Amino acid sequence: MSELLSVHKLATCFHSRRGIIRAVDEVSFSIAAGETLALVGESGSGKSVTAASILRLISAPGRIEGGEILFQGQDLLKLGTAAIRQIRGNRIAMIFQEPLSAFNPVQSIGTQIVEAIRLHRKVSRKQAFEQAVTLLERMGIPSPAQRVHEFPHRLSGGMRQRAMIAMALSCEPDLLIADEPTTALDVTTQAQILELLKELQAANGMGMLLITHDLGMVAETAHRAAVMYAGRVVEEGSIDRLFTAARHPYTAGLLASVNIEALAPGTKLPEIPGSAPSLLNPVQGCAFAERCNARHALCDKQTPPLATDTEPESFPGSRHRVACFLPARPDAIPLPVESEAA
Ligand SMILES: Nc1ncnc2c1ncn2[C@@H]1O[C@H](COP(=O)(O)OP(=O)(O)OP(=O)(O)O)[C@@H](O)[C@H]1O
Ligand SMILES: [Mg+2]
């Protein structure tokens, strides 16, 4: 499968008076064309900073300090400001939780969507306007022909969110980064928008990085998921395998209380007891050790690398990575012979 986006050992830090906050540390994952990767993890684990880093939207006191972000083979970290602007909102679009920041307050949403369309396609203003109305309609906005003339602040939160998604999609991006895209919307509208996103993906091969706390949405939309903990990816794999045979004690702990069979939209990512360590003075060893019930002496000394996991018979061909010295062994995965004998 050809990779659309390949993030390799990304490191993003914030320099505060109290020290260096390692918000994103050695993060690696990739997304193929037509694929959706969900990025999950508790609050503060570095999901939004990862997304902002891909678009180079990190500003002081933050800094991207290492790694590679290959997009269609080109390292985004090596591009000049003008080149990255060309890619942003064109080949890579982003939708945020707070839609107001995506709009210019003094232009109607229609004008802004028309501009986005015309940046990408050679169509007349009139044609682009019609396309804008159609997009708004597909987002479930009532009376789109009237609403298209509204200014952003005149719309309700939910409408504004849908208009922002319409604008992001209007340029037919190759990659869509969606950070909690539908949290402000009711379940019916959410389902409608997810359906539309899937349709576009099937039609255009759009890749998607989906950041969400909604496990129902992950199950419904994503092909693979990367689980972040304290700025690092601790496990990554296909949804099927992650949800039924998680290897990292953090992922296994999160999912222990979830009924995978009956995952409904709106099911929030559960929380586990304890809190994540400070990113300001990272502890030696595994950041999860403090909360882990499988903690081992080595876990306090070394940070486990994100390594490719073995392929069990029950999941042939599944690419799976886990960062743990003692991964959990769910029933689905056969134990090594020597452990069985012990
Ligand atoms: N502007 C900033 N200045 C200093 N530290 C920051 C800044 N933005 C983010 N951080 C640090 O980066 C860490 C990761 O933040 P991020 O916003 O990526 O978390 P998240 O996983 O998106 O959380 P949530 O699920 O709540 O959205 C935070 O814990 C915080 O310490
Ligand atoms: Mg966030």
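In what follows, every heavy atom counts, from backbone to side chain, and hydrogens, waters and symmetry copies are set aside. Since the structure is predicted, the reported quantities are computational estimates derived from the model, not experimental observations. In listed order, ligands and their atoms are each counted from 1.
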For [atom], find the nearest protein heavy atom and state the residue, atom name and distance (0.1 Å precision).
| atom | value |
| --- | --- |
| atom 17 (O) of ligand 1 | S48 CB, 3.7 Å |
| atom 26 (O) of ligand 1 | S43 OG, 2.4 Å |
| atom 8 (N) of ligand 1 | F14 CZ, 3.4 Å |
| atom 15 (O) of ligand 1 | V49 CG2, 3.8 Å |
| atom 12 (O) of ligand 1 | A23 CB, 3.2 Å |
| atom 23 (O) of ligand 1 | G44 N, 2.8 Å |

**Message:** S45 versus ligand 1: do any nitrogen or oxygen atoms come within less than 3.5 Å of each other?
**Reply:** yes
Between [options], which is the residue that forms a side chain to side chain contact (heavy atoms under 4.5 Å, CB included) with [X]?
| X | options | value |
| --- | --- | --- |
| L279 | V24, I20, I21 | I21 |
| L5 | I69, L70, I177 | I69 |
| F325 | R295, H296, K301, Q302 | Q302 |

**Asked** When you look for heavy atoms under 4.0 Å from ligand 1, do you find them on the side chain of D179, its backbone, both, or neither?
**Response** neither
**Request:** Tell me which part of H213 gets within contact of ligand 1: side chain, backbone, both or neither, using heavy atoms under 4.0 Å.
**Result:** side chain
**Asked** Do any non-hydrogen protein atoms sit less than 4.0 Å from atom 30 (C) of ligand 1?
**Response** no
**Request:** Say whether, by atom type as modelled, one donor and one acceptor occur between the side chain of R224 and the main chain of R319 under 3.5 angstrom.
**Result:** yes
**Prompt:** Short question: side chain of K47, backbone of L210 - any donor-acceptor pair under 3.5 Å?
**Reply:** no
**Message:** Distance alone, cut at 3.5 Å: any donor-acceptor contact between the side chains of Q127 and R121?
**Reply:** no
**Message:** Between S48 and the Mg ion (ligand 2), is there a contact where an N/O/S atom of the residue lies under 2.8 Å from the metal?
**Reply:** yes
**Complete:** To the nearest 0.5 Å, atom CG of L200 lies from atom CE of M206 at 5.5 Å
**Prompt:** Quick one: which ligand 1 atoms are inside 4.0 Å of a heavy atom on L279?
**Reply:** 13 (C), 29 (O)
**Request:** Report, in ascending order of atom number, the atoms of ligand 1 lying under 4.0 Å from any heavy atom of I21.
**Result:** 5 (N), 31 (O)
**Asked** So, for Q161 and F96, which heavy atoms are closest and what is the spacing to 0.1 Å?
**Response** NE2-O, 3.7 Å
**Message:** How about CD on Q72, more than 12 heavy atoms from neighbouring residues, nucleotides or ligands closer than 6.0 Å, or not?
**Reply:** yes
**Message:** When you measure from the heavy atoms of G46 to every atom of ligand 1, does any distance fall below 4.0 Å?
**Reply:** yes
